[in-house]
There are 2 protein chains.
Amino acid sequence: MEQENNNTMPKYSRLKEYLKEQMKRGVIAPGSQLPSENMLAEEFKISRHTVRQALNDLENEGLIFREQGRGTFRSYPTSGKGKIVALVTTYISEYIFPEVIRGIEEVLSAAGCTLLLASTGNDQKKEAACLESLLQQKISGLIIEPTQSARKNVNLKYYRDLEKRGIPYLMLHAYYPELDPAYIIMDDEKGGYMAAEYLIQLGHKKIAGVFKADDRQGVKRRDGFLKALKKYGVKITPDLLGAYETAQLYSYPYQFGRALFAKGEQPTAMVCYNDQIALMVLEALRDEGIKVPEEFSLLSFDDSSLAVASEVKLSSIKHPKAAMGRQAARFILDMIEDKVIKVRQVYQPELILRSSCRALV
Amino acid sequence: MEQENNNTMPKYSRLKEYLKEQMKRGVIAPGSQLPSENMLAEEFKISRHTVRQALNDLENEGLIFREQGRGTFRSYPTSGKGKIVALVTTYISEYIFPEVIRGIEEVLSAAGCTLLLASTGNDQKKEAACLESLLQQKISGLIIEPTQSARKNVNLKYYRDLEKRGIPYLMLHAYYPELDPAYIIMDDEKGGYMAAEYLIQLGHKKIAGVFKADDRQGVKRRDGFLKALKKYGVKITPDLLGAYETAQLYSYPYQFGRALFAKGEQPTAMVCYNDQIALMVLEALRDEGIKVPEEFSLLSFDDSSLAVASEVKLSSIKHPKAAMGRQAARFILDMIEDKVIKVRQVYQPELILRSSCRALV
DNA sequence: TATTACAAGTTGTCTGCACAAGTAAAAAAA
DNA sequence: TTTTTTTACTTGTGCAGACAACTTGTAATA
């Protein structure tokens, strides 16, 4: 693997590769004895010292163990147990991540693996630091939610490094097309389209939208949203289209909500990037004295616990959350076991109707 | 260390110990070059091969690195960086845990450490499995929230094992007194007392309470609650005192809420184990047609995001959440660095007033 | 001055040998 | 038959030497 089997490779390395291959193929079963050092030396026409060099390496890698006077044996592979799978998300406590993480942890712990957790705060510098420290650990696989996925990623080299080391990784929620990785995502564009279409079919003509600008999910949802407006001939008004970045998360949505009616436009409905945003907009609308859903329809994404916690139960586009996490964990385990090379799954959006939208009469 | 420095020890082992000692004393500084193999061979009157045997071991232990043509160098000790701290909580996604976890992760990643996460679902069997697999990993420290802390713990042996291995651990939210461990907890009894006292001072005379029975936090909060009732001479009615265990989490609180007024008692206020329970009770009260806070006062614990998500903003006893997580992480890091042996911190409860309670006139 | 070639020193690979220490089974002795 | 000893094997430790591959500083060259 490391090099070709040509003669440029040192003899002890060739022996190592040979033995590894034999183990992989099952010719040398776990627990069974390897040929003695002298036999290997004779067979490969190399000195015993060179054989020992190879065996020392294999011993350090944990593939074999030796007992003085008895012989050398293949060690019992721990069969996936005790492996570490790393998870890097943008956030840990916010939004729907806790549930996704729970789903992942569920499957991993059931498989006897442990979960190494890190978060980036959606900051590429922190993502670099995370990957840096994860690469120091002996991780068997990585599930990662890309950071500011709509921007150019500066940390591609870490992913290349993972590939070099043969550590599989799986991207969640979004992915960098340059890497052509395994991924599990939502069909966010379709989701955006469905959201807008639903409001249009309720009779809304002036529909606002606010989306996250630095995540691919946000861009996709907006694209689908605009696509639906265009398809149904609904006018797209710049004033009604909001965009924010991570840093503005706690200020922009409320302000946008307060400013919605200031500019003469009189929107009757709105699509929000997610429930978190929708609640902030809801707060703004309440402060403006506008009642939801009587005077204004609100539709958002992710169907999080927030959607049912408020007095107005939000209609929202479902996110599989824990199920997606479990699926991601199963996939990465399969990838670690070499069962599958590259998985790709796209969840179809589904609209959960509650009481935040109303048909215009 | 492994043996005495007598002659029974192999030569290469003696050289290893010698070099380790030199590094420990700082004679060989990190990054600095070691004597060449030939020099060491000459100095110790051993063959170069034997020197290499020692150096190979040290290289595998990560203490030195070698560069062909340049020499052998002491590697830079990662000084606390790259260490793994494990965290075992009852839940990951529910309740306030995400925020606690976030706080912990914040501090750890800033210190260059990584977080190994596992959850028990408040099940002692799963706790055993967690600890089992964690002990296989090279963890430097452990933060753990005890499982069903009000019950007798069957997993004490794992903690003894940790102690034997010199791996520090810190208990969160509750602790097993048998272990006399380091801990960070809330003063739950005082919190329960404060909650009841507040409602009593508002003029309530019939106060219900529902608490978790299998966690020490629940028991303590109930104890404080009852203590206050007794002190102020408020009658304690068994029908108004609810207790549930983990398995009943999603059924009991709602049923208890619905049944509150069936038995002739007419409580005017209630203390709930936490916000999550309070919301379920709130749902039950709504279905019973009872308005909060007009007809009924509700007070709960933890000041979680749920407390402000509902239409009735819950008054709640504050939980430090992320701050507590950060503190826990700082403590465990200190313990790993041997700066402190055993830390103990008890957070004082604080009542956050919102709009779920009203004074009786 | 800048470049190239060389020399000295480093670790990497490899051979061959010898004996020690430990295991397991066969052989010998009780 | 049971016990002890021997023997033949295993891996562990150690020596001496050789050349390859690589780095670095110095000397020779352009």
Whole-Å distance separating the CG atom of L55(A) from the P atom of dT13(D): 14 Å

Is the shortest side-chain N/O distance from Q68(B) to OP1 or OP2 of dT23(D) below 4.0 Å? no

Nearest whole Å is fine: how far is dC22(D) P from F65(B) CZ? 18 Å

Check the distance between dC17(C)'s C1' and E42(A)'s CD and give it to me in whole angstrom. 16 Å

For a quick test of reading the model: is some side-chain N or O of R52(A) closer than 4.0 Å to OP1 or OP2 of dG12(D)? yes

Hey, is the main chain of K125(A) close enough, under 3.5 Å, to the side chain of D123(A) for a donor-acceptor pair? yes

For dT11(D), take OP1 and OP2 only and decide whether either is under 4.0 Å from a side-chain N or O of T72(A). yes

Using whole Å, what does the distance between atom P of nucleotide dT10(D) and atom CD of E37(A) come to? 9 Å

Any luck finding a side-chain donor-acceptor pair between E163(B) and Y169(B) under 3.5 Å? yes

Take atom CG of L15(B) and atom C1' of dT13(D), then tell me their distance rounded to the nearest Å. 14 Å

Figure out the CG/P separation between N38(B) and dA8(C), and round it to whole Å. 15 Å

If you measure only the distance, is there a donor-acceptor pair under 3.5 Å linking the side chains of E127(A) and N153(A)? yes

Less than 4.0 angstrom between a side-chain N/O of R70(A) and OP1 or OP2 of dG22(C), yes or no? no

Nearest heavy atom decides the nucleotide; on that basis, is G71(B) or S47(A) closer to the 5' end of DNA chain C? G71(B)

Should the side chain of R48(B) and the base of dG12(C) be counted as holding a donor-acceptor pair, with the cut-off at 3.5 Å? yes

Given dC15(D), dT10(D), dC14(C), the nucleotide with the shortest approach to the side chain of P10(A): dC14(C)

Base, sugar-phosphate, or nothing: which does I46(B) touch, judged by heavy atoms less than 4.0 Å apart? sugar-phosphate

Only one of R52(B), K16(B), K20(B) passes salt bridge (Lys or Arg N to Asp or Glu O under 4.0 Å) with D57(B), and that residue is K16(B)

May I have the distance from D57(A) (atom CG) to dC14(C) (atom P), rounded to whole angstrom? 12 Å

Using atom types as modelled and distance alone, determine if a side-chain donor or acceptor of T147(A) lies under 3.5 Å from a backbone N or O of N122(A). no

Between C1' of dT13(C) and NZ of K16(A), the distance in whole Å: 13 Å

Looking at S36(B), I'd like to know whether one of its side-chain N or O atoms comes within less than 4.0 Å of OP1 or OP2 on dT10(C). yes

Counting only side-chain nitrogens and oxygens, does K11(A) get under 4.0 Å of the OP1 or OP2 atom of dT15(C)? yes

Does P35(B) or H49(B) map to a spot on DNA chain C nearer the 5' end, using the closest nucleotide for each? P35(B)

